[in-house]
Protein chains: 2
Amino acid sequence: MGLEPLPEDVLERAESEALAPLCAVFRRRLRDEGLKYTPERAHILDAIIGMDGLFEAEQLLESLRESSERVSKATVYRTIKLLQDAGIVQRVLLDGEHAYFQLVYGTRPHELLIRVDTGEIETIELPELAELRDRICRERGLDPQGHRFQIYATGRGST
Amino acid sequence: MGLEPLPEDVLERAESEALAPLCAVFRRRLRDEGLKYTPERAHILDAIIGMDGLFEAEQLLESLRESSERVSKATVYRTIKLLQDAGIVQRVLLDGEHAYFQLVYGTRPHELLIRVDTGEIETIELPELAELRDRICRERGLDPQGHRFQIYATGRGST
DNA sequence: GTCGGTGCAAATGCTTTGCATTGAT
DNA sequence: ATCAATGCAAAGCATTTGCACCGAC
């Protein structure tokens with residue numbers, strides 16, 4: 001009834017998808033804190049990678065269930081928090097009720113275009129926002145740590 | 001044990017502070033929906049006005065308690081929702097746990113500069129963001145409904 | 001008298017935590 | 001052995017809701 005010890009397996013798969021940096025960053029961060037890169041954590045990171053960008057905790061749980069990786073809800077939340085601390089995942093709070101999270105690929109910021117009528121969420125890139133942010137911080141003698149931009153829109157003619 | 005019926009009192013005070021438009025908008029919206037502008041709702045709007053911009057539900061409750069206006073938690077939440085529907089108040093979700101709300105003065109969007117080290121939140125105006133938003137929506141044939149921009153920063157030299 | 005509004009307390013639902021067990025070095 | 005991680009179930013907490021009563025038109 002134990003957990004299968006197949007971290008290398010997962011690790012390989014993730015690396016084969018050119019996502020090695022994520023694993024590497026996460027593992028280094030864990031190592032630095034005296035924490036461990038466990039199979040559960042690997043599975044969770046793997047599942048996150050498979051969700052292309054934006055996800056909810058519940059979706060992540062389901063995705064793990066589907067790949068028959070048994071990871072408890074508590075561990076998922078705990079790992080998400082670790083990933084946030086490592087700067088790999090960012091909490092994104094939309095208008096609605098619960099939290100979404102999004103993978104942060106390195107330092108490239110991702111903006112969101114949210115269709116309020118359909119619920120669709122598109123990820124877009126607006127490098128000029130980082131510049132705007134940096135300028136504003138510079139003017140005030142602050143160090144920029146990040147930013148968040150979300151656009152809400154509907155199809156033409158919707159309410 | 002009833003509620004004191006002093007809506008005019010509150011109304012006057014708010015209007016004397018040049019915030020008549022808010023009351024007016026709210027009242028019109030309520031009227032349109034066949035709802036009422038009650039003393040409790042007036043008190044809540046009044047308290048929101050007194051919080052200059054950004055507030056949490058709990059702060060609002062406390063502020064009401066301090067002015068010895070007894071309004072229940074449930075009513076506060078219900079009224080905030082009405083104010084959101086009326087476009088007077090906007091839900092703002094920061095990194096942290098719970099929701100903040102902010103007064104929306106007419107249609108002018110307010111962006112936020114958040115000091116992650118001190119917790120300070122500064123309100124700034126960046127009209128160019130609305131243009132950027134509109135351009136992006138136009139490119140995709142969408143109607144812009146709003147946007148949200150938040151900058152996270154620390155003082156020079158902080159973590 | 002009909003509706004909506006309010007307060008209270010109970011319910012909700014996401015997220016966190018306590019605790020005993022398990023796993024890795 | 002030690003120290004951290006996990007799972008489960010219980011606890012937390014902001015927010016919502018059900019319900020009985022109250023007030024306005």
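From a predicted model like this one, the values you see are computed outputs, not experimental measurements. Note on naming: letters A, B, ... go to the chains in the order of the sequence lines (proteins, then strands), and numbering restarts at 1 for each one.
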A:D32 CG to D:dA4 P, in whole Å, measures 15 Å
Roughly how many Å is it from CG in A:L35 to P in D:dT2, rounded to a whole number? 20 Å
OP1 or OP2 of [N] sitting under 4.0 Å from any side-chain N/O of [X]?
{"X": "B:T75", "N": "C:dG7", "result": "yes"}
{"X": "A:R41", "N": "D:dT6", "result": "yes"}
{"X": "B:Y77", "N": "D:dT16", "result": "no"}

What is the nucleic acid contact for A:R78, judged by heavy atoms within less than 4.0 Å: base, sugar-phosphate only, or nothing? base
Represent DNA chain D in dot-bracket notation, 5' to 3'. Only Watson-Crick or G-U wobble pairs with both distances under 3.5 Å count; pseudoknot-style crossings use [ ] and interstrand partners use |. |||||||||||||||||||||||||
If you check the [X] side chain, which of [options] turns out closest?
{"X": "B:E40", "options": "C:dG7, D:dT15, D:dA9", "answer": "C:dG7"}
{"X": "A:K73", "options": "C:dT15, C:dT17, C:dG5", "answer": "C:dT15"}
{"X": "A:K36", "options": "C:dG18, C:dG7, D:dC3", "answer": "D:dC3"}
{"X": "A:T38", "options": "D:dT6, C:dG5, D:dT17", "answer": "D:dT6"}

What verdict does the side-chain contact (heavy atoms from CB on, under 4.5 Å) test give for A:L61 and A:K73, after you've listed the backbone C-alpha separation in whole Å, the side-chain angles of each residue and the deciding distance to 0.1 Å? CA-CA 7 Å; A:L61 271 162; A:K73 199 184 295 191; 3.5 Å; yes
For B:K81 and for A:T79, find the nucleotide of DNA chain D with the closest heavy atom, then tell me which residue's nucleotide is more 5'. A:T79
Salt bridge or not for [X] and [Y], using N-O below 4.0 Å?
{"X": "A:R29", "Y": "A:E33", "value": "no"}
{"X": "A:R70", "Y": "A:E40", "value": "no"}
{"X": "A:E131", "Y": "A:R135", "value": "no"}

Might you point out which heavy atoms bring B:A153 and A:L142 nearest each other, and give the distance in Å? CB-CB, 4.0 Å
Relative to the ring of A:F149, is the ring of B:F149 parallel (under 30°), tilted (30 to 60°) or perpendicular (over 60°)? perpendicular
Using heavy atoms and a sub-4.0 Å distance, could you list which residues of residues 56-66 of chain B are near DNA chain C? By number, please. none
Apply salt bridge (charged side-chain N to carboxylate O under 4.0 Å, His left out) to A:E58 and A:R65, showing your working. CA-CA 11 Å; A:E58 192 52 45; A:R65 261 179 247 124; 3.4 Å; yes
Any luck finding a side-chain donor-acceptor pair between B:E62 and B:Q59 under 3.5 Å? no
With rounding to the nearest 0.5 angstrom, report the CZ to CZ distance, B:R41 to B:R27. 13.5 Å
